[in-house]
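Working notes for the structure below.
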Amino acid sequence: MGAGLGWDATASPRAEAPVGMPVLYRRAGAIIGAVVIDALVVLLAAAAAYAAGVRGGPDGVAVDPLVAVFLKAFLAVEITKVLVRTVFSTRYPHLRLLPMSDEMARYWNRWLIVLVMAAGYGTMLVDPVLAAALSPALGRLAALVIMLGVYVYAVGVIWRNRQRVREKLEHSGSRRTTFLGTSPRLLARVWHWLGIGYFTVLLVVSQIDPANALPFMVAATLQTLLATGVGSLAIVLLNALLAKPVRVSDELRARLPMLENRLNSYVPATIRFAGWVVRIVVVLLVLDAWRAFNLSRWIASDAGGAAIGVAVNVAIVLLTAALAWTVVASIIEHRLSLREGGRMPTAREKTLLSLFRNAALIVIVAMTVMVVLSQIGIDVAPLIAGAGVVGLAVGFGAQKLVQDIIPGVFIQLENGMNENDVVQVAGVFGTVEKMTIRSVGIRTLDGGYHLVPFSSVDVVSNHMRDFSYHLGEYTIAHRESIDDAMQHMRNAFAELMADEALAPEILEDISIPGVTAVNEKGATIRVLIKTRPGMQWAVQRAYNRLLKQHFSAAGIELPYPHMVVYFGQDKQGEAPPVRVAMEGGQPAAN
């Protein structure tokens with residue numbers, strides 16, 4: 001790659017560099033070594049010319065002015081050529097900085113070297129020599145003509161090749177991401193405008209300060225390329241480092257299983273944020289290189305120091321808020337997920353934990369916004385006062401909503417009911433299908449869905465808490481024996497306990513408190529069977545079926561409706577007799 005020097009790094013010229021950090025390091029070392037060797041050759045040549053100029057100068061102690069001008073032009077032009085050769089590396093493609101074919105690399109390398117020699121020697125050698133030999137005006141005119149020719153030629157070449165280079169960059173952009181973490185397709189659309197702008201700046205600078213035009217362009221170009229290259233490398237390294245999944249310790253994973261997934265979910269946003277920070281820094285360095293922005297002076301100024309301090313403080317606040325939300329959300333989501341033994345959280349726990357999670361999110365976001373606004377210099381006191389007034393107005397306008405929410409919070413805190421519980425609320429009896437912080441949805445036996453706001457709930461009757469009872473009231477005729485009926489009730493319960501499906505749902509032996517009522521219908525006997533929550537109705541249906549079978553087999557009569565007919569009485573207080581005759585025989589057939 002160097003001036004007449006053979007430089008072979010690690011592979012053959014046509015070898016594809018494998019992907020990997022060690023290869024990237026070796027390639028960077030080879031490129032830097034080649035640049036150093038090329039630059040040393042140029043410096044040695046300049047030193048030799050300088051020594052010859054000293055010996056041939058007046059009294060042997062000073063260099064002839066024309067020789068000094070030539071040496072300055074030679075150094076500027078040759079160092080620039082070294083940089084051009086480094087970029088295109090026509091002899092060793094594996095060290096080439098830009099993805100392109102060998103033919104294209106040779107074309108652009110030759111074209112740019114011609115332009116560098118014409119612009120450099122034209123402004124730094126021809127202009128001073130003509131100014132010293134003839135007149136300064138003639139020297140400036142010659143420099144202007146040379147630079148105009150360079151400018152027209154450069155713009156023409158760029159314009160003729162704009163489509164060809166664009167196609168090459170777009171083809172490369174479909175397979176890799178290299179330019180500041182973005183696809184080269186972006187560069188493909190604007191590269192010719194950047195090139196034309198570059199040579200326009202060169203033309204203007206060459207007329208403003210001909211002697212320092214090329215050194216300025218070389219320094220600005222080198223800083224731009226260095227900033228862009230380092231920025232692209234930083235983004236690539238960030239992507240490589242953050243692309244690895246975050247791992248937490250086994251102990252922390254056991255305590256907070258959702259923490260690792262949540263941390264990994266932050267990786268894409270972190271990569272984007274870090275990428276934009278790198279791009280902003282690169283833009284500032286590029287502007288500083290072209291004297292459009294003095295970065296060092298801005299950093300040393302009070303405004304720059306304050307801006308950097310604000311940025312650091314805001315970053316710390318955002319990081320703290322993200323960590324706080326990560327811990328809180330991970331704990332709550334862990335509680336919302338499967339528990340030990342596979343038990344799912346209840347609807348009450350889901351509702352309350354979701355409420356706490358939303359409340360924590362609102363608090364963290366509100367505090368973060370307030371702190372960030374205060375850090376960037378915005379007075380948050382009027383915002384806080386305005387938020388208080390708005391909250392008060394909303395509170396007055398949403399009294400009914402508040403009346404719904406407050407009882408709902410306490411009902412759920414006291415675990416009054418959960419989803420799938422059978423309850424009676426506000427006169428509605430059915431199964432709880434949905435619970436929110438404001439209302440409860442109940443499905444009744446006829447399929448109707450009732451939405452009951454908590455403000456209308458005075459009493460919650462939950463039939464699914466801890467245990468249940470089948471409460472049975474059975475009436476038998478007056479002529480039947482109470483003790484025999486109770487014995488048949490126990491026999492029916494014993495047969496019920498033989499049922500493999502229902503026996504596990506019964507918690508205790510049958511309880512028969514005794515006769516609870518004696519009236520015109522008969523004697524009423526109460527039965528209690530303790531069951532698991534929600535199984536009282538299934539047990540009731542099975543027990544009623546068995547008891548009816550036992551009563552029928554024993555001839556125990558369930559009372560029929562009775563009617564007492566009163567015929568009145570005479571003055572002596574005697575009622576006239578009623579003669580009832582039973583006639584036997586079968587009814588006559590028609």
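In this chain, numbering begins with 1 at the start of the sequence shown. None of the values given here were measured: they were computed from a predicted structure.
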Indicate yes or no: at least one non-hydrogen side-chain atom of [X] is less than 4.5 angstrom from one of [Y].
X    : Y    : answer
N544 : Q540 : yes
V425 : I442 : yes
R490 : D509 : no
Y543 : I510 : yes
M489 : F551 : yes
S461 : V459 : yes

Please determine whether the number of non-hydrogen atoms from other residues, nucleotides or ligands lying under 6.0 Å from atom [atom1] of [X] exceeds 12.
X    : atom1 : answer
N519 : CG    : yes
W537 : CH2   : yes
M367 : CE    : no

Shortest non-hydrogen contact from [X] toward [Y]:
X    : Y    : answer
A485 : I556 : CA-CD1, 4.0 Å
P453 : S439 : CA-CB, 3.9 Å
V452 : A426 : CG1-CB, 3.9 Å
E505 : M535 : OE1-CG, 3.3 Å
R465 : G416 : NH2-O, 3.4 Å
A227 : V282 : O-CG2, 3.5 Å

Assess, by modelled atom type and distance only, whether the side chains of [X] and [Y] contain a donor and an acceptor separated by less than 3.5 Å.
X    : Y    : answer
S468 : Q536 : yes
T475 : T524 : yes
S481 : D483 : no

key: Residue list, ring-ring contact (aromatic ring centres under 6.0 Å, His included) with F429, at least two apart or on another chain   = H463
request  = Name all residues meeting the side chain to side chain contact (heavy atoms under 4.5 Å, CB included) criterion together with S552; count only those two or more places apart in sequence or in a different chain, and write none if there are none.
outcome  = K548
